Structures are given as C-alpha cells and as structure tokens.
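Computed from a prediction, not measured in an experiment: that's the story for all the values here. All ligand and atom numbering here is 1-based and tracks the order in the structure.
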Amino acid sequence: MCYGTILAPQGGLAFANAAPGDQPWMNSRLAPGERAELAVRAMTLDEKLKLVYGYLGADMDYKKSTRPAESRLQSAGFIYGVPRLGIPHLWETDAGLGVASQAGPDTRPGTALPSGMNTAATWDLKLAQDGGAMIGAEARAFGFNVMLAGGVNLVREPRNGRNFEYGGEDPLLAGKIVGAQIRGIQSNRVISTLKHFALNDQESGRTTLDVKIGDQAARTSDLLALQIAAEEGNPGAVMCSYNRLNGVYACENSYLLTEVLKQDWGFKGWVMSDWGALHSTIPAANAGLDQQSGMPFDLADYFGPPLKEAVLNGWVPQARLDDMARRVLHAMFEHGVVDHPVKPAPETIDRKAHAAVSLKDAQEGMVLLKNAAGLLPLVKSARRIAVIGGYADKGVLAGGGSSLVSADGGNAVPGLGPKAWPGPITYYPSAPLKAIQRRVPSATVAFHDGGDVAAAARLARESDVVLVFANQWTAEAYDAPSLTLPDKQDELIAAVAAANPKTVVVLQTGGAVTMPWLSQVPAVLEAWYPGTSGGEAIASVLFGEINPSGHLPVTFPASESQLPRPVLDGYPEVQDRRFDVDYHEGAAVGYKWFDLKGQQALFPFGHGLSYSEFTLSGLAATVRDGILHASFTVKNVGKLAGKEVAQVYVAPLGVRWEAPKRLAGFQKVDVKPGASARGEVTVDPRLLATYDSASKTWQVAAGDYKVILAADAAGSQAVSQVVHLESAIYDVKGKRLR
Ligand code: BGC
C-alpha cells in the first residue's frame with residue numbers, strides 16, 4: 001500500500017546519520033533525548049523562544065494579521081525551526097479525520113475518513129491504524145510534519161458538538177482506537193497530537209466553563225482514555241484544552257500538565273495550547289505549557305516578548321525554557337521529522353488507495369441498529385425504490401469546524417447552515433442515490449427531498465421499499481440543542497413509515513439521537529458522518545455486499561431526562577459567562593451511568609446487528625499472575641460471513657466501583673457461516689482496580705468478580721463466570737508493585 005510510505009526528499013536520508021562534527025545532534029544513532037539535549041545546548045535564547053511560539057498559518061482578517069510567509073496556505077499552525085542547526089520548521093495541520101484547511105479560497109482537497117465516532121464503532125484497531133496511516137501520508141504529502149489529531153475527549157455529554165471527532169464514551173475503547181490512529185499517523189514520520197487535554201467535553205462555553213471533578217473520578221474516566229491513547233500511540237505532542245478544571249485553565253494547570261501528564265505518565269514530548277486557550281505567561285510556563293499556538297488567536301503574545309522578559313528576570317526559570325525547547329526537539333527527533341524533512345508533493349497521493357481506506361472504515365463502522373423481518377439487505381429485485389431526504393441525491397454529511405477536510409469536488413450542497421465558521425454545512429459529493437441506482441439499474445429509484453411531507457409520503461406509498469435519509473449536522477463550537485433530529489425530520493420519518501411499512505431509516509449524525517418513530521420503522525442504519533466515500537459505503541451495506549459489523553461506541557438514550565445533566569449547562573451560550581459544570585456522575589460515564597441508575601437505553605453501548613447471527617459461549621476466565629484472561633467462542637449461526645464484536649465486561653461482587661460494571665476487553669471476530677472462532681482478551685489490571693489518589697496507585701481489592709461475555713452493555717447474549725482476584729497494587733502506569 002502506498003500510504004505509510006515515507007517520501008524522503010532527495011538526499012534527505014543521506015545526511016541523517018552523517019552528523020557533521022559541529023552538529024552532533026544530527027546523528028540519528030543517538031537517542032532522541034540525547035539529541036534534544038545537544039541541540040538545546042547549541043541554541044541561543046532567541047532560538048529557544050522561537051521554538052515555543054506558534055503562529056496561525058492563515059491570514060486573520062478581523063485581527064489584521066498575516067501568516068508567516070514560510071507557513072503553508074490556510075493551515076492551522078506554524079513554528080519557526082532553527083535552520084542554522086538543521087532543525088526544520090513545524091508545519092501543523094488539523095486534524096483527526098484528514099488534512100483540513102482553514103477557511104478561505106485555497107483549501108487543499110484531501111481524503112476524509114469517516115467521523116472518529118464511526119472509527120470507534122468499528123472496534124477494529126487495525127482499521128483505526130490504517131486510517132491514521134492514510135491521513136498521515138496525506139499530511140506529509142501536503143508538506144506538514146505535525147497533525148493536530150488524536151481527539152479523545154470522552155463522550156460524557158451526548159449533545160457535545162464535537163463528539164463526532166472523538167472515540168466514544170468508554171475509556172478503553174476510545175483510548176485504544178485513538179491510540180492506534182495516532183500510531184498510524186506517526187508511521188509517516190509526522191508528529192501527532194493527543195487532544196484536548198483535558199475534560200473539554202462540551203462546546204457551549206468551552207472557553208469559560210469550569211469543570212468540577214475529583215482526581216480519582218477523572219483518572220478513571222476522561223484521563224484514563226487519554227492515558228491509554230498516549231500509551232498506545234506515543235504521541236509527540238499534547239494539546240491542552242480551552243476549559244478550566246477545578247478553577248484553573250487547562251493550559252496553565254500544573255496538575256494536568258506537570259503532575260498527571262509529565263510526571264505520572266512520563267510524557268516526554270511537548271504540550272501546545274489549543275488555539276486561543278492561553279491566558280498567561282508565567283503561570284502557564286511554570287505550570288508546564290511548552291508552546292503557545294496559533295497566534296493571534298490568544299489575546300496577547302504570552303510566549304513572545306513577555307516570556308523572554310520572564311526568563312531574563314528569572315520568573316520563569318531558564319531551566320524551564322530549556323525543558324520547553326528540549327521537549328519540542330525530543331518529539332521532532334523521536335518521530336523522524338528532523339531526519340526525514342517534509343516537502344510538499346501532493347501529486348504523489350494515491351487518491352484511489354486512500355479512498356479505499358476511507359470506504360472500508362465507513363463500511364465497518366456503520367451500525368445496523370434495527371432490522372425487523374429482515375428488511376435489509378435490500379433485494380435487487382425491488383422494482384420501485386424511493387429515496388427520501390437528507391440530500392441523498394447530492395452527497396453525505398460532514399461534521400463542521402477545524403477538523404473539516406475539503407473534498408475534491410467541493411461542497412455538494414452549498415448555502416446551508418451558518419455563513420461563518422464552523423459553517424457552512426458541508427456535504428461530500430458522494431451521493432448515496434447514485435450509488436443505489438448503480439446497483440439496481442433496471443429499477444425505478446425515485447428521489448424526493450422530503451421538504452413536502454405529504455408528497456414524500458405519497459411517493460412512499462407508491463414504492464416497494466423506502467429509504468429515508470435523516471441527518472444531524474454537528475460542529476465545533478456549538479452543541480446540539482437536544483438529541484432530537486433537527487428540521488422536523490422526525491415528522492417526515494413518521495409520515496413516510498405510516499405510508500409504507502417497508503421503510504429503512506439511514507441516519508447521518510454526530511452521535512446519539514432520539515427516535516420517537518422507532519416502533520413504526522423496521523430497519524435503521526446509523527451511518528455517522530461516513531467520509532468522502534460515504535455514499536458508496538452506505539449503498540454497499542444496504543445491498544448486503546458488506547455485512548454490517550459496527551457496534552455503538554456510545555449509549556443512545558431514550559431521552560435527555562436519562563442523562564446526568566438533562567439540561568446542558570451553559571446552553572444557549574452567553575459570551576464570557578463563567579460557569580461550573582459539575583461532573584457529579586464522576587467516572588460513571590455513558591453505559592456506566594445507565595447501569596448505575598437502572599435505566600434502559602434506546603440502544604445500549606456496544607449494540608450492533610449483522611445480516612448474520614452469532615452466539616457467544618465457552619467463556620473461560622482465568623487469573624494468571626494476577627492478570628485476568630478471558631477466552632470465548634463466537635459462532636456464526638447465520639447464513640452469511642460476518643463479524644461479531646465480543647465484549648468482556650467485569651462486575652465486582654464485593655467492592656464498589658463507580659458503576660456496576662466496566663468494559664474490560666473486546667475483540668472483533670470474523671467468522672464464516674456455520675463456523676466458530678475462539679477469541680481471547682487480556683485485561684489491563686487498572687480496569688479491575690480503584691485508583692487511590694493519595695498513593696497514586698491502582699488497587700485491586702481481593703474478592704469475587706463476575707466476568708461477563710456479551711454482545712452489548714445491556715447483556716445481550718450474556719454468559720458469565722465468577723473469578724477470584726487477590727489484592728494487588730499497580731503504579732499509575734499499571735506496573736505491578738505488590
Ligand atoms: C480546536 C483544535 C484545533 C485548533 C486548530 C481549535 O479551535 O479546538 O482542535 O486543532 O483549533 O485549528
């Protein structure tokens with residue numbers, strides 16, 4: 001495959017080992033830490049200061065600022081390197097779904113993966129890594145050596161406008177998936193970030209709100225997702241977030257940046273601020289922030305002349321500035337951006353191969369939520385098919401904001417949504433209608449835009465089968481007002497389903513939505529934001545060329561009243577109003593909250609149907625050297641080859657956790673019809689422990705624990721076994737102490 005290939009400029013590899021005598025840090029045989037140290041020692045004060053000061057790579061009209069000439073057009077960030085010492089500039093691009101561009105006329109058309117939520121719904125680490133490798137290759141080809149990817153804010157708030165960028169509500173699944181993606185990106189000698197650090201779980205008031213949560217709950221939820229992703233992906237950089245945590249802005253929060261990230265987790269790379277998330281010089285630098293990003297987004301040049309003054313006066317120790325520069329350099333050496341300099345060569349992108357990567361991700365992440373009476377897959381003998389709504393004649397929906405990739409062919413439905421960023425609403429020109437028509441050339445496939453509900457219902461009545469497309473656009477900087485589909489689409493679906501019971505609903509949403517019409521509709525396919533090959537992906541699943549195997553990485557609530565915060569704090573947004581968001585649910589996020597409260601979800605976490613059927617059996621849970629292993633059998637009892645996601649949950653019988661059970665492991669298993677496959681998971685002991693803040697250890701309590709093998713968090717297909725665990729203590733990184 002071409003993605004993952006390193007495009008070294010001519011001679012780029014040649015000089016890597018042959019360090020000139022006066023530039024010993026260019027010797028690639030030395031360890032990154034050693035190289036960084038040598039380079040820092042050779043740098044002047046001003047050179048170090050340059051390395052910790054980032055610009056926006058785009059002009060900003062309202063601030064009358066112009067991007068540095070060396071930056072890439074309409075890019076997120078640029079930092080001057082030190083050419084005299086062989087240290088290249090840093091060219092930064094958003095984000096986790098592909099190479100995005102800042103708004104303006106010169107966007108670079110790239111390949112967009114489906115949403116992060118979709119990738120999490122694949123429960124497939126290899127696919128996540130392949131996707132990362134693909135977008136990382138595009139980043140390199142467009143001349144970027146830093147990708148602002150790795151979004152793993154836990155889906156604590158289902159209305160969060162950015163949930164589509166993230167990895168769902170469970171720390172293990174989200175951490176593993178996003179970590180794999182980071183690994184893929186960095187396989188291109190491109191640094192990836194991990195973001196947004198931390199607890200930035202809603203967009204309303206994101207720059208003013210103050211999250212209240214204790215250390216233990218945070219380390220068992222949001223921080224655990226970030227920690228697992230950091231361990232899996234080894235990102236070169238971390239981006240601190242906009243919000244405050246317990247009174248202190250994340251980007252000047254020494255608990256987050258120095259204690260948790262650098263000391264406890266041993267992170268060696270650098271922390272950059274989110275664009276506009278910095279509010280000080282001395283507090284931020286001394287708390288552990290290493291680089292200001294995206295000036296002029298912040299109110300002031302905090303890490304410009306004021307930092308120099310602070311260092312010269314000793315208010316920020318010289319050693320801290322050295323550490324800041326050393327951390328940037330460490331990541332640059334470790335991840336190959338010094339030894340393999342980037343050079344724009346977009347013509348080398350193998351767009352066909354990249355489209356195939358995006359397509360596969362979308363196909364594997366779509367979740368068949370309901371399929372009564374086997375309405376899906378569609379039979380090719382259907383004569384009259386109605387396709388209604390959702391701009392399915394034009395394209396597929398993309399989430400808005402900094403992660404938006406501009407596709408080849410531009411926006412298929414211009415003029416919708418907010419005029420200013422994060423608008424307009426973008427549709428990638430991959431029309432499901434065309435992909436459907438191609439599959440049934442002799443059928444009549446009629447389209448109605450759904451605007452006139454009565455006319456749409458008439459078309460439904462005259463058709464053999466109806467596909468209603470219903471969409472929810474979500475975007476950075478705004479939360480969804482509720483979990484209700486916008487624009488009266490619920491009414492449209494209900495009317496169409498009343499007219500024709502053979503109605504399939506295809507959803508493109510950022511995350512969970514409510515479905516008041518569910519009992520009327522036999523089949524529902526959740527297609528998330530399916531990326532630049534999305535139309536093809538949807539049609540291939542509808543017609544059964546691909547057997548759906550996505551499983552929900554989030555709970556779909558029956559209503560907002562089931563949430564820890566039925567009313568979203570700070571919505572609608574009031575500018576500059578500081579308010580608290582009390583995470584009273586602690587670490588009981590998503591299905592854990594539903595379990596704790598005994599609530600029934602509309603669709604539980606982990607749910608996902610297939611055109612085949614599976615049974616789970618043969619659970620054998622054993623404890624060896626204190627580590628829990630669970631093996632099991634997945635049998636395909638249906639007629640088609642397919643994949644099941646076997647989920648292993650653990651419920652303590654004696655001790656109390658934040659909730660009755662936790663996801664402890666999972667495996668996606670591919671099984672032929674009639675065949676069985678054996679799977680096995682090994683459980684990270686931290687997932688069986690309680691975090692003790694005072695000693696900074698994970699403590700497993702002696703006792704009995706129920707190991708549950710199931711097809712979702714509500715216990716479908718569940719089989720269980722009780723195991724006994726002895727007490728054990730693990731350090732903050734999960735290393736056994738006692
Ligand atoms: C977002 C980041 C993004 C940055 C640069 C911010 O608004 O929160 O995720 O990387 O902008 O575009």
Judged by modelled atom types alone, do Gln74 and Thr107 share a side-chain donor-acceptor pair under 3.5 Å?
no
Would Arg156 count as a cation-pi partner of Tyr583, with NZ or CZ less than 6.0 Å from the six-membered ring centre and within 45° of the ring normal?
yes
Using only atom types and a distance under 3.5 Å, with no angle test, would you say the side chain of Glu169 pairs donor to acceptor with the backbone of Val554?
no
Backbone N or O of Gly417 within a donor-acceptor pair of the Trp473 side chain at under 3.5 Å?
no
Once you measure the plane-to-plane angle for Trp123 and Phe605, does it fall in the parallel (<30°), tilted (30-60°) or perpendicular (>60°) bin?
tilted
Using a 4.0 angstrom limit on heavy atoms, which residues are close to ligand 1?
Ala76, Asp94, Gln102, Leu148, Arg162, Lys195, His196, Arg206, Met239, Tyr242, Asp274, Trp275, Ser402, Glu476
Considering only NZ, NE, NH1 and NH2 on the basic side and carboxylate oxygens on the acidic side, decide whether Lys50 and Glu47 come within less than 4.0 Å.
no
